[in-house]
Amino acid sequence: CLSRDREFLAIVLTSAVPRAEALRIKHTSDLKKKLTLEQIGEDAATLMDEGMSQAEAAKALDRSEATICRALGYRLIA
């Protein structure tokens with residue numbers, strides 16, 4: 001595939017990716033560095049709404065529990 005004249009590998013999936021897996025991929029990719037606390041909080045809250053604990057959400061998003069706590073707190077304030 002080409003994106004802005006840059007080649008990258010694309011994988012064709014035979015089925016939809018579960019939301020938790022899509023969020024894990026998002027947070028372990030190059031996008032991780034560009035995500036705001038608000039975005040991290042939204043994604044953590046989504047995982048927690050699906051039944052994960054805060055610690056499990058932190059692990060799934062490749063973040064520390066402190067970062068998840070801060071992001072969820074920011075989300076409440078904003």
Original post:
Measuring from D62:CG to I25:CD1, what's the distance to the nearest 0.5 Å?
Top reply: 13.0 Å
**OP:** Report the distance from atom CG of L47 to atom NZ of K59, rounding to the nearest 0.5 Å.
**Re:** 13.5 Å
Original post:
Quick one: side-chain hydrogen bond (donor to acceptor under 3.5 Å, both in side chains) partners of T46, sequence neighbours excluded?
Top reply: none
Subject >> Residues forming a side-chain hydrogen bond (donor to acceptor under 3.5 Å, both in side chains) with T36, sequence neighbours excluded >> reply: Q39
Close side-chain approach of [X] and [Y], heavy atoms under 4.5 Å:
X: Q54; Y: C69; value: yes
X: E38; Y: D43; value: no
X: R70; Y: I40; value: no

Original post:
Any idea which heavy atoms bring A20 and M52 closest together, and the distance?
Top reply: CB-CE, 4.3 Å
Original post:
Do you know which two heavy atoms are closest between L72 and A44, and how far apart they sit?
Top reply: CD2-CB, 4.2 Å
**OP:** Begin with the C-alpha distance, continue with both residues' side-chain angles, and end with the deciding distance and a verdict on side-chain contact (heavy atoms from CB on, under 4.5 Å) for L61 and K26.
**Re:** CA-CA 8 Å; L61 298 178; K26 175 180 171 183; over 6 Å; no
Original post:
If you look only at pairs with a residue in residues 46-57, which of them pass as a salt bridge (Lys or Arg N to Asp or Glu O under 4.0 Å), with sequence neighbours excluded?
Top reply: none
**OP:** Would you mind listing every salt bridge (Lys or Arg N to Asp or Glu O under 4.0 Å) that reaches into residues 14-25, with sequence neighbours excluded?
**Re:** E21-R24
Original post:
Of all residues at least two apart in sequence or in a different chain, which pass the side chain to side chain contact (heavy atoms under 4.5 Å, CB included) check with E65?
Top reply: A55, A58
